[in-house]
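Notes to accompany the following structure.
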Number of protein chains: 2
Amino acid sequence: MTHRTVGHPPGLPDDPRADVTAPTPECPVEITLAVLQGRWTTLVIRELLRGDRSYGELRAALPALSDKVLSDRLVQLTRTGVVERHRHPAWPPRVLYTLTPTGHSLGPVLQALWDWGARASGPDSATGPSRTPTRV
Amino acid sequence: MTHRTVGHPPGLPDDPRADVTAPTPECPVEITLAVLQGRWTTLVIRELLRGDRSYGELRAALPALSDKVLSDRLVQLTRTGVVERHRHPAWPPRVLYTLTPTGHSLGPVLQALWDWGARASGPDSATGPSRTPTRV
DNA sequence: CTGAATCCCTGCCGATACTG
DNA sequence: CAGTATCGGCAGGGATTCAG
């Protein structure tokens, strides 16, 4: 297939800004993937999409996640503007993690990832991805 | 925000299948991220979204991409059912790489990634991701 | 022209132990 | 309760070289 589907709206891959020839951090796709990158990252985001969570609640929801990595992920997500920390100066010390509006807007992105993965691994996926545990 | 937006269609994070507590390869989100994973992967897909390409054409389009990684990516994408190899028994030997229907259906996924990244890094992104070259 | 094989280096992730 | 410090294993990715 050398022709292009006609009439589709401007967007990838036709957007001229998509003409980068190397994986630059300025590419919007790379930006999003960088935010989502790292083991456990999407699961932490999913948990926070369900509502605010304390550190302990996150740990309880993801038991196999070590303190170090959870801490790393929360720092990472805070740096990228997806998550906000809210320290409550009470006793016992309680810290709430919440998604920023930007973080909430990741919902549709995760949905798109879910939809493709569900379809590609579905019952009639002759050409779908193999189940090779490639890991993310 | 402890309440949930009312009336939105069933989907992440409310889908019961999204209740995994560890990054399992069976999770549709992980499947998609695994397919997209790796430096240069999305750029190779983008190039093929624009049309069929030979090995040399891909190399020309992505000059900074080494043979090893290009080869690796093409194998990876072929294994995951996104790309197909078409060997032409002529001389000089020419091999065409094309996207499968599954591969083409990655278009909307990349678009979603693009849209979020563009918005989050846009002009009014007070809470957007920092430009820290986290790399993907 | 189209790749595969090798080498090395870097950075992620996990386990464990310790602090405000 | 909510993290940080340190260490080590392992896999990903780049450069180079060789083969069909």
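Source: prediction; values computed, not measured.
- Checking side-chain atoms of B:Thr32 against main-chain N and O of B:Pro28 turns up a donor-acceptor pair under 3.5 Å.
- When distances are taken from the side chain of A:Arg73 to each of D:dG13, D:dA2, C:dC13, the shortest belongs to C:dC13.
- For the helix from C:dC1-D:dG20 to C:dG20-D:dC1, the angle separating the two terminal helix axes comes to 50°, with each axis derived from five pairs and the value rounded to 10°.
- By the rule that hydrophobic residues join a cluster once side-chain heavy atoms approach within less than 4.5 Å of another member, B:Val20 and A:Leu58 end up as members of one cluster.
- Taking atom NE2 on B:His88 and atom P on C:dG3, their separation rounds to 12 Å, with Å as the unit.
- Note on B:Arg39: a side-chain N or O is less than 4.0 Å away from OP1 or OP2 of D:dG14.
- Looking at the side chain of B:Asp67, the nearest of the listed nucleotides C:dT2, C:dA4, D:dA2 is C:dA4.
- Nucleotide D:dA11 holds its P atom 16 Å from the CD atom of B:Gln76, rounded to whole Å.
- Base engagement by B:Arg59 is indicated by at least one non-hydrogen atom pair under 4.0 Å involving a base atom.
- Look at B:Ser71 and you'll find a side-chain N or O under 4.0 angstrom from OP1 or OP2 of C:dA4.
- Separation of atoms CG (A:Leu106) and OG1 (A:Thr41) is listed at 11.0 Å; rounding is to 0.5 Å.
- If you take CG of B:Leu65 and C1' of D:dA15, they are 13 Å apart, rounded to a whole angstrom.
- Salt bridge status for B:Lys68 with B:Asp72: present, with a side-chain N to carboxylate O gap under 4.0 Å.
- Between C:dC13, C:dT2, D:dG13, one nucleotide has an atom nearer to the side chain of B:Val95 than all others, and that is C:dT2.
- Closest heavy-atom contact between A:Pro63 and B:Thr21: CD-CB, 3.9 Å.
- Contact annotation for A:Arg87: no contact, since no heavy-atom pair falls under 4.0 Å across all strands.
- Distances shown here put a side-chain N or O of B:Trp40 below 4.0 Å from the OP1 or OP2 atom of D:dG14.
- Distance A:Gln37 CD to C:dG11 C1': 10 Å, rounded to the nearest Å.
- Residues A:Gln76 and A:Arg79 have side chains that never bring a donor and an acceptor to within less than 3.5 angstrom of each other.
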| task | Take A:Arg50 and A:Glu57 through the test salt bridge (charged side-chain N to carboxylate O under 4.0 Å, His left out) and record every step on the way to the result. | result | CA-CA 12 Å; A:Arg50 293 173 167 172; A:Glu57 286 168 341; over 6 Å; no
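- Taking only side-chain atoms of A:Tyr55, from C-beta outward, the nucleotide of D:dG13, C:dG3, D:dG3 with the closest atom is D:dG3.
- Set against C:dA15, C:dA4, D:dG13, the side chain of A:Lys68 has C:dA15 as its closest nucleotide.
- Protein atom CG of A:Leu70 is 13 Å distant from nucleotide atom P of C:dC13, rounded to whole Å.
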